[in-house]
There are 2 protein chains.
Amino acid sequence: MKIREDYTCPLEIAHDIMKGKWKPIILFQLQREPVSLSALERSIAGISQKMLLEQLKELQAFGLVDKHAFDGYPLRVEYSLTPDRGRRMLEAVRIMQQIGVDIMVEQGQTDFLDAKGIAYSKDGCPQKSG
Amino acid sequence: MKIREDYTCPLEIAHDIMKGKWKPIILFQLQREPVSLSALERSIAGISQKMLLEQLKELQAFGLVDKHAFDGYPLRVEYSLTPDRGRRMLEAVRIMQQIGVDIMVEQGQTDFLDAKGIAYSKDGCPQKSG
DNA sequence: CAGCATCCGATCTGATACTG
DNA sequence: CAGTATCAGATCGGATGCTG
């Protein structure tokens, strides 16, 4: 995957980086630690492997995500946020996430809040299994 | 326009708020002051009136944008960011924009930077006319 | 100036089956 | 476990013409 070199507007790049249903969620899920493809797939409800791989590739191309492949069997791979660009974009994702939380609370949906009404369970998104 | 009330994930809402090619650009253009529809249209290169109106409506529905209509002829309307949600989302947009700037600089595109190499001309996006 | 409706091609995304 | 290929339906977005 190669990045266009004829962008004329920074926000056009930003859109290409973040577009689609899954990118912000993927970045959000990578915030704690490097994770395997299958772990990522399990942590994101509803995503197909095709979309996950495709979006991860784009994030890698733009320098937000790193991939580390280990030799041997079974195959093992770990994805992580890059310290600079990935972490910075995570800040933007956090803001968006918080606004989403606000709206859910405003709608009376407080299920995902903890006892103190501050933090939210897991990452605030439904997980695949237990 | 009515907002879904069955969201299960804050980032799902965030995506609905920001999805599409134009929302971040519109928020960015609204940061300085309230503007009319036609001014907005002029300041965003390539957007159609249909998309502009449609996206503004969605941003209003989610509480990021306010609209103020004045009586009399010619018709006059002003759009602005809401002080809370709109301004907060603008922070996320700024982060995304800055990452876009970084990538453009990395690609050797420095045309839009000012003499000091820090700020960028206009809003960093091409404008319609002069 | 502000706003709406329709048509239609481009793009995105999910399901499914297959490879190393 | 990690990753690829293909096909079909859904969604997105641009052009255009019309109303108050």
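Chain naming here is simple, since letters A, B, ... match the order of the sequence lines and numbering starts at 1 in each.
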*In whole angstrom, what separates Q55(A)'s CD from dC12(C)'s C1'?*
9 Å

*Closest to the P74(B) side chain: dG13(D), dG3(D), dC1(C)?*
dC1(C)

*Nearest-nucleotide wise, let me know which of E78(A) and H15(A) is further upstream toward the 5' end of DNA chain D.*
E78(A)

_Phosphate OP1/OP2 of dC4(C) contacted by K57(B) side-chain N/O (<4.0 Å)_ = yes

_If I take atom CD in residue E41(B) and atom P in nucleotide dC4(C), what distance separates them, rounded to the nearest angstrom?_
14 Å

When the side chains of residues 46-61 of chain B are checked against the rest of the protein, which donor-acceptor pairs come out under 3.5 Å, sequence neighbours left out?
from	atom 1	to	atom 2	distance (Å)
S48(B)	OG	M51(B)	N	3.3
E58(B)	OE1	K23(B)	NZ	3.0
Q60(B)	NE2	L56(B)	O	3.2

*Quick one: I44(A) CD1 to dT13(C) P, roughly how many Å, whole number?*
14 Å

*Atom-pair distance (CG on L52(A); P on dA2(D)), nearest Å*: 10 Å

_Separation of dG3(D) C1' from L75(A) CG (nearest whole Å)_ = 9 Å

*Give, for atom CE of M104(B) and atom SG of C9(A), the distance between the pair rounded to the nearest 0.5 Å.*
7.5 Å

_Between P of dA2(C) and CZ of R76(B), the distance in whole Å_ = 9 Å

*Distance in angstrom units between Q49(A) CD and dG14(C) P, rounded*: 14 Å

*May I ask you to verify if any side-chain N or O of S38(A) is less than 4.0 angstrom from the OP1 or OP2 atom of dA2(D)?*
yes

*Choosing from dA2(D), dT13(C), dT4(D), which nucleotide comes nearest the side chain of L53(A)?*
dT4(D)

*Just compare dC7(C), dA2(D), dG14(C) and give me whichever is closest to any side-chain atom of K21(A).*
dG14(C)

List the atom pairs, donor and acceptor, that lie under 3.5 Å between side-chain atoms in residues 76-93 of chain B and the rest of the protein, sequence neighbours left out.
from	atom 1	to	atom 2	distance (Å)
R76(B)	NH1	E78(B)	OE2	3.4
T82(B)	OG1	G63(B)	O	2.8
T82(B)	OG1	L64(B)	O	3.4
T82(B)	OG1	G86(B)	N	2.8
D84(B)	OD1	R88(B)	NE	3.3
D84(B)	OD2	R88(B)	NH2	3.3
R85(B)	NH1	F62(B)	O	3.0
R85(B)	NH2	E106(A)	OE1	2.8
R87(B)	NH1	Q31(B)	O	3.1
R87(B)	NH2	Q31(B)	O	3.2
R88(B)	NH1	D102(A)	OD2	3.0
R88(B)	NH2	D102(A)	OD2	2.5
E91(B)	OE2	R94(B)	NE	3.3

*Y79(A) vs dC1(D): side-chain N/O to OP1/OP2 distance below 4.0 Å*: no

*Starting at atom CD1 of I47(B), determine the distance to atom P of dG3(C), rounded to an integer number of angstrom.*
14 Å

*Does K67(B) place a side-chain N or O at less than 4.0 Å from the phosphate oxygens OP1/OP2 of dG3(C)?*
yes

*Look at S48(A) and dT13(C) and indicate whether a side-chain polar atom (N or O) is within less than 4.0 Å of OP1 or OP2.*
no

*Taking OP1 and OP2 of dC12(D), is either one under 4.0 Å from a side-chain nitrogen or oxygen of K19(B)?*
yes

*Mind checking the CG-CD1 spacing from L30(A) to I26(A)? Nearest 0.5 Å is all I need.*
7.5 Å

*At what distance, to the nearest 0.5 angstrom, does CZ of R42(A) lie from CD of Q29(A)?*
11.5 Å

*Measure from the side-chain heavy atoms of K50(B) and tell me the nearest of dG13(D), dC7(D), dA2(C).*
dG13(D)

